[in-house]
Amino acid sequence: MLEVERAAYEFPWSRGNFVDSLHAGYAAWLLHDEHPGLAGYAIAMAGVDEVHLLNLTVAPPRQREGHARWMLEALVAWCRLKAAPMLWLEVRTSNARARTLYGRFGFREIGTRRAYYPAAQGRREDAVVMSLAIDLPAGPPAPRR
Ligand SMILES: CC(C)(COP(=O)(O)OP(=O)(O)OC[C@H]1O[C@@H](n2cnc3c(N)ncnc32)[C@H](O)[C@@H]1OP(=O)(O)O)[C@@H](O)C(=O)NCCC(=O)NCCS
């Protein structure tokens with residue numbers, strides 16, 4: 001994961017970020033297919049009534065093959081299992097690829113976090129906050145009082 005992370009990002013997660021996420025009990029998925037090597041991964045945190053997607057990465061040689069969309073579909077299925085009506089994430093304002101992916105998938109931009117990410121020359125970059133409403137299957141009717 002670290003190898004893919006370092007190839008995919010200018011400011012990658014550290015080994016400690018991954019270790020802390022796993023120790024905290026966040027959910028992590030590794031994507032493998034018939035090709036050798038890791039195709040991608042996702043890390044998410046389930047909260048009350050929401051799932052926060054913390055990391056979604058596809059190995060650079062495997063990008064643009066539909067893997068990110070597939071992982072997002074799997075995450076939506078996981079949100080339904082958790083009965084979470086919202087999936088949300090932060091993305092760099094400059095990350096046009098990811099913003100296009102999320103926008104086409106149905107995410108909406110709901111806010112901005114100022115100076116959220118490190119950037120070149122010691123600067124900081126804003127994050128766009130995006131959310132996706134999850135259709136949950138209708139539950140049993142509320143009991144009558
Ligand atoms: C962003 C990222 C996850 C997309 O993964 P991917 O597997 O290449 O994406 P997919 O093949 O599933 O593409 C799905 C859609 O995303 C959009 N998209 C993906 N890559 C794109 C690109 N290079 N340019 C424009 N749109 C792009 C398109 O709408 C695409 O649909 P289309 O191919 O039918 O046009 C991948 O580029 C990546 O890992 N980037 C580095 C890490 C990163 O930025 N992660 C997101 C952090 S929030």
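From a predicted model like this one, the values you see are computed outputs, not experimental measurements. Atoms within a ligand are numbered from 1 in the order they appear, just like the ligands themselves. Only this structure's heavy atoms are used, side chains among them; waters, hydrogens and symmetry mates stay out.
Looking at every heavy atom in both residues, Y41 comes nearest to N55 through CE1-OD1, 3.5 Å. The nearest pair of heavy atoms linking R99 to M130 is O-CE, 4.3 Å. Minimum heavy-atom separation, Q63 to V58: NE2-O, 2.9 Å.
One side chain, Y9 or T57, offers a donor N or O that lies under 3.5 Å from an acceptor on the other.
Between A68 and ligand 1, at least one N/O pair is under 3.5 Å apart. The N/O atoms of T100, backbone and side chain alike, include none that comes under 3.5 Å of an N/O atom in ligand 1. Close N/O approach between A98 and ligand 1 is not found [any backbone or side-chain N/O within under 3.5 Å]. Any N or O atom pair closer than 3.5 Å counts here, and V91 shares no such pair with ligand 1.
Residue, atom and distance of the protein heavy atom nearest to atom 47 (C) of ligand 1 are Y9 OH, 3.7 Å. From the protein, the heavy atom lying nearest to atom 15 (C) of ligand 1 is R69 NH2, 3.3 Å.
Looking only at side-chain heavy atoms (C-beta outward), L30 and L38 come within less than 4.5 Å of each other.
Taking hydrophobic clusters as Ile, Leu, Val, Met, Phe, Trp and Tyr residues chained together by side-chain heavy-atom distances below 4.5 Å, L87 shares a cluster with W78.
In E65, the part holding a heavy atom less than 4.0 Å from any atom of ligand 1 is the backbone. When non-hydrogen atoms are compared, ligand 1 lies under 4.0 Å from neither the backbone nor the side chain of W70. Proximity of L101 to ligand 1, defined as any heavy-atom pair under 4.0 Å, is shared by backbone and side chain alike. For R104, every heavy-atom contact with ligand 1 shorter than 4.0 Å involves the side chain, none the backbone. When heavy-atom distances to ligand 1 are checked against a 4.0 Å cut-off, Y102 comes that close only through its side chain, counted from C-beta outward.
Residue nearest to atom 21 (C) of ligand 1, selected from R62, E5, M130, R64: R64 (by heavy-atom distance). The option with the heavy atom closest to atom 10 (P) of ligand 1, from among P60, G66, A8, is G66.
Side-chain N or O atoms of R62 include none that pairs as donor or acceptor with a backbone N or O of G40 at under 3.5 Å. A donor-acceptor distance shorter than 3.5 angstrom exists from the side chain of R124 to the backbone of Y116, with no hydrogens or angles considered.
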